[in-house]
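Order of listing sets the numbers, starting from 1, for every ligand and every atom in it.
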Amino acid sequence: MLIKTLPGWALPESAATPESLFVNRRRLIMGLAAGSMLAGAAPVLASLARAEDDPNAGLYPAPRNARYVLDRELTSEDDATTYNNFYEFGTHKKVWKAAQKLPIRPWEVVIDGMVEKPITIEADELIARMPLEERLYRHRCVEAWSMAVPWTGFPLSALVDFARPLGGAKYLTMRTFQNPDVARGQGQSWYPWPYTEGLTIAEATNELALIVTGIYGKPLPKQNGAPLRLAVPWKYGFKSVKSIVRFEFTETRPSTFWEEIAPDEYGFWANVNPEVTHPRWSQATEKVLGTGESVPTLLFNGYGEYVADLYDGLADQRLYA
Ligand code: MTE
């Protein structure tokens with residue numbers, strides 16, 4: 001496992017995007033976007049989406065939600081955007097250049113399965129309709145490195161409301177694009193592409209579950225999973241599926257990417273727990289991206305107060321790997 005050990009140049013938390021300055025501008029833009037859609041101007045967004053220019057660029061930086069605080073310094077933008085896991089573009093950490101080949105406009109998102117009415121929507125239009133905010137979150141990779149970043153996004157619960165799932169839906173499955181012409185890793189047929197992840201509906205509607213559209217007060221770079229990726233900070237990072245094209249509501253639990261590859265090492269639940277050892281390494285500590293400092297890993301990555309009760313009555317499940 002590669003861990004980058006650079007000198008400590010992480011930004012202090014206070015250096016991330018300021019909270020209130022941009023609220024009014026953003027509200028104005030959101031109001032205009034909502035208004036023009038009501039006036040039947042959705043095709044304008046659709047045609048803008050044909051270019052690589054982001055019609056939602058004016059929504060960043062979004063107002064910060066002060067509820068989510070960090071116990072550590074923010075990782076530098078340079079580190080968080082140049083040390084990545086994105087197997088579609090390679091199994092090493094320097095995939096950021098290769099990921100630039102991914103075309104993200106247009107980007108159709110399908111919301112289907114057990115819903116009142118399946119929807120196909122352009123990602124830019126979906127983002128314009130959702131309540132964007134900035135949150136400072138920790139991220140703990142199963143490989144025992146971690147970072148702390150200012151994501152911009154919207155609560156996954158807002159997408160669940162928008163989707164109107166049927167009463168019998170128990171899981172939300174999320175899938176990455178499939179395009180081996182640009183994502184050379186997808187030419188490796190022994191991996192079960194497309195990358196698939198899933199949550200229970202209770203997890204998906206937990207307040208922490210975020211669909212990320214930006215980072216460091218800007219639209220999300222491709223290597224971090226543009227245009228839409230998940231952030232579930234109480235779980236190991238592999239649950240946070242990138243570049244999502246489909247949200248499917250199901251009654252049965254999906255088979256997920258890493259679970260299919262190595263079920264003994266990577267399960268469905270994958271909640272962070274320092275006491276449950278990975279078959280090949282300890283999870284007791286983590287290396288902080290950028291500084292290389294080793295710090296203790298926390299149960300649920302420190303988010304137990306928000307999520308521990310999701311797992312009441314599930315002690316028979318392999319919750320922590
Ligand atoms: N999503 C897809 N589609 N492909 C991937 O390889 N890697 C996962 C997750 N989401 C991955 C993915 C893993 S293992 C981690 S730790 C995080 O993305 C890394 O996110 P980052 O590169 O933004 O830090």
Which donor-acceptor pairs under 3.5 Å do the side chains of residues 298-310 make with protein atoms, sequence neighbours left out?
from, atom 1, to, atom 2, distance (Å)
Asn301, ND2, Pro233, O, 2.8
Tyr303, OH, Arg138, N, 2.9

Could you pull out all donor-acceptor pairs under 3.5 Å where a side-chain atom in residues 179-191 meets a protein atom, sequence neighbours excluded?
from, atom 1, to, atom 2, distance (Å)
Asn179, OD1, Asp181, N, 3.3
Gln186, OE1, Asn179, N, 2.6
Gln186, NE2, Phe177, O, 3.0

Cut-off 3.5 Å, no hydrogens considered: what does the side-chain donor-acceptor table look like for residues 154-170, sequence neighbours left out?
from, atom 1, to, atom 2, distance (Å)
Arg164, NH1, Glu116, OE1, 3.0

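Taking the six-membered ring where the residue is Trp, Trp193 and Phe257 present tilted rings, their angle falling between 30° and 60°.
Between Tyr236 and Trp258, the ring center distance fails the sub-6.0 Å criterion.
For the pair Glu259 and Arg253, the salt-bridge criterion is met [side-chain N within less than 4.0 Å of a carboxylate O].
Residues of the protein with a heavy atom under 4.0 Å from ligand 1 are Asn84, Asn85, Phe86, Tyr87, Glu88, His139, Cys141, Trp145, Met147, Thr176, Tyr195, Asn224, Arg229, Gly237, Phe238, Ser240, Val241, Lys242, listed by chain and number.
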